[in-house]
Every structure is written in structure tokens, then in C-alpha cells.
Amino acid sequence: MYNNILVPIDVSHEDVAKWILGLAGRLVGPGGKITALHVIPEVPAYTEAYVPKDVRTLRDRDLQKLAETLVKDAGLSTAHVRLERGGAYVRILEVIDQLEPDLVIIGSHRPGFTDIFLGSTAARVVRHAPCSVLVDRHSVQEPSV
């Protein structure tokens, strides 16, 4: 059992997020803490000027509500939801440094050709995290052709 689990989620992949949040719920010890983290990609500065200021605020609020709903649907009544802005793996690693979790649970897709050159977010977290990282591929369904 773990006392402090960080679960980076992508709210646009609801099934995957619920699956790994549920997994965290099964692995956390009594009185343990789960933090669900969604990283919002930064909007390039050259387009930011054309987006009304209240749109960003409304989007953040909607993402927060969606993440909270995913946590609730996974049966985690006490999990904390955190939104960060920036590059996914960089922000995840920064939050790991801040929260010092015992375990990070992250979903991943099956590595493809582009991952050889760019690397996936999960692979980068695995390489650089100072704690245990559980990468779950079971929950990710590959599209059938």
C-alpha cells in the first residue's frame, strides 16, 4: 500500500483516466492521499492575443469540473484535483518534486515510431522520476483498423 499517489490524467481520455484513478484507489493505504493532475497545454503567445480573457478562465473551470467528475466516478471521494499549465512531462516532474509521492500511476499508449525520436510523456516520467512509476497500458485501447 502507498501513502501518497500522484495520478497524471488526460481529461480528454475519460475511460483511461477513470481506470488509472480506480487503480490508485486500490493501491492507496488507509489515510493515504491521491492527487489527480491534469496538465493544460499552453496556448502559443501569438494566438493568446486573439482569445478573449474570460475564455481561458471558463475553460479552466470546465476542466476542473471534468477532472473532479472523473475522480468522483472512479469512487475517490477524498482525492485532490490539481490543474497545471505547461508541457506535460515537465509539469508532472515539477509536481513530483513538490508532492514527493511514493508512487506515480500514468497511462500510456503502445510506443510507436514517433516515440523513438520524441519519446512519450510516460517514458520521460519513468526516466526522470525519483519515485516508483507504474505505467498502465491495459486501459488504453488501440484503434482497430
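We use all heavy atoms of the structure for the numbers below, so side chains are in, but hydrogens, waters and symmetry mates are not. Sequence positions, counted from 1, serve as the residue numbers for this chain.
Sorted by first and then second residue, the salt bridge (Lys or Arg N to Asp or Glu O under 4.0 Å) pairs with a member in residues 97-106 form an empty list; sequence neighbours excluded.
By the 4.5 Å side-chain criterion applied to Ile, Leu, Val, Met, Phe, Trp and Tyr, V55 is assigned to a cluster that also includes V51.
Side-chain heavy atoms closer than 4.5 Å link hydrophobic residues (I, L, V, M, F, W, Y) into clusters, and following such links, even through other members, never connects L103 to L93. Note: the hydrophobic cluster containing I106 does not contain V16 (ILVMFWY, side chain heavy atoms under 4.5 Å, direct or indirect links). No continuous path of hydrophobic side-chain contacts links V125 to V7 [ILVMFWY only; heavy atoms under 4.5 Å].
Taking 4.5 Å as the limit, some side-chain heavy atom of L6 sits within range of a side-chain heavy atom of P8. Between L63 and L83, some side-chain heavy-atom pair lies under the 4.5 Å cut-off.
In this structure, the side-chain hydrogen bond (donor to acceptor under 3.5 Å, both in side chains) partners of R85, at least two apart in sequence or on a different chain, are D60. Scanning for side-chain contact (heavy atoms from CB on, under 4.5 Å) contacts around V126 gives V133, V135, with sequence neighbours left out. For E68, the side-chain hydrogen bond (donor to acceptor under 3.5 Å, both in side chains) test picks out Q64, with sequence neighbours left out. Partners of R61 by side-chain hydrogen bond (donor to acceptor under 3.5 Å, both in side chains), not counting sequence neighbours: none found. Contacts of E14 classified as salt bridge (Lys or Arg N to Asp or Glu O under 4.0 Å), with partners at least two apart in sequence or in another chain: none. Evaluation of the side-chain hydrogen bond (donor to acceptor under 3.5 Å, both in side chains) rule for H13 yields D10 as partners, not counting sequence neighbours.
Scanning all heavy atoms of the two residues, the minimum distance from I20 to G107 falls at CD1-N, 3.7 Å. Annotation for S108 and S120: closest pair OG-OG, 4.5 Å, computed over non-hydrogen atoms.
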With a 3.5 Å cut-off and sequence neighbours excluded, list the donor-acceptor pairs that the side chains of residues 22-46 form with protein atoms.
from : atom 1 : to  : atom 2 : distance (Å)
R26  : NH1    : G22 : O      : 3.3
H38  : ND1    : I9  : O      : 3.2
H38  : ND1    : V11 : N      : 3.4

Check residues 69-78 and write down every donor-acceptor pair under 3.5 Å in which the side-chain atom is one partner and the other belongs to a residue at least two apart or another chain.
from : atom 1 : to  : atom 2 : distance (Å)
T69  : OG1    : K65 : O      : 2.9

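Remark: L66 CG to D62 CG distance equals 8.5 Å, nearest 0.5 Å.
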>> Quick one, I96 with H128, criterion side chain to side chain contact (heavy atoms under 4.5 Å, CB included). Give me CA distance, side-chain angles, the key distance, then yes/no.
In response: CA-CA 10 Å; I96 289 170; H128 300 287; over 6 Å; no
> Between V104 and S132, does a side chain to side chain contact (heavy atoms under 4.5 Å, CB included) hold up when you go through it step by step?
Replying inline: CA-CA 6 Å; V104 175; S132 297; over 6 Å; no
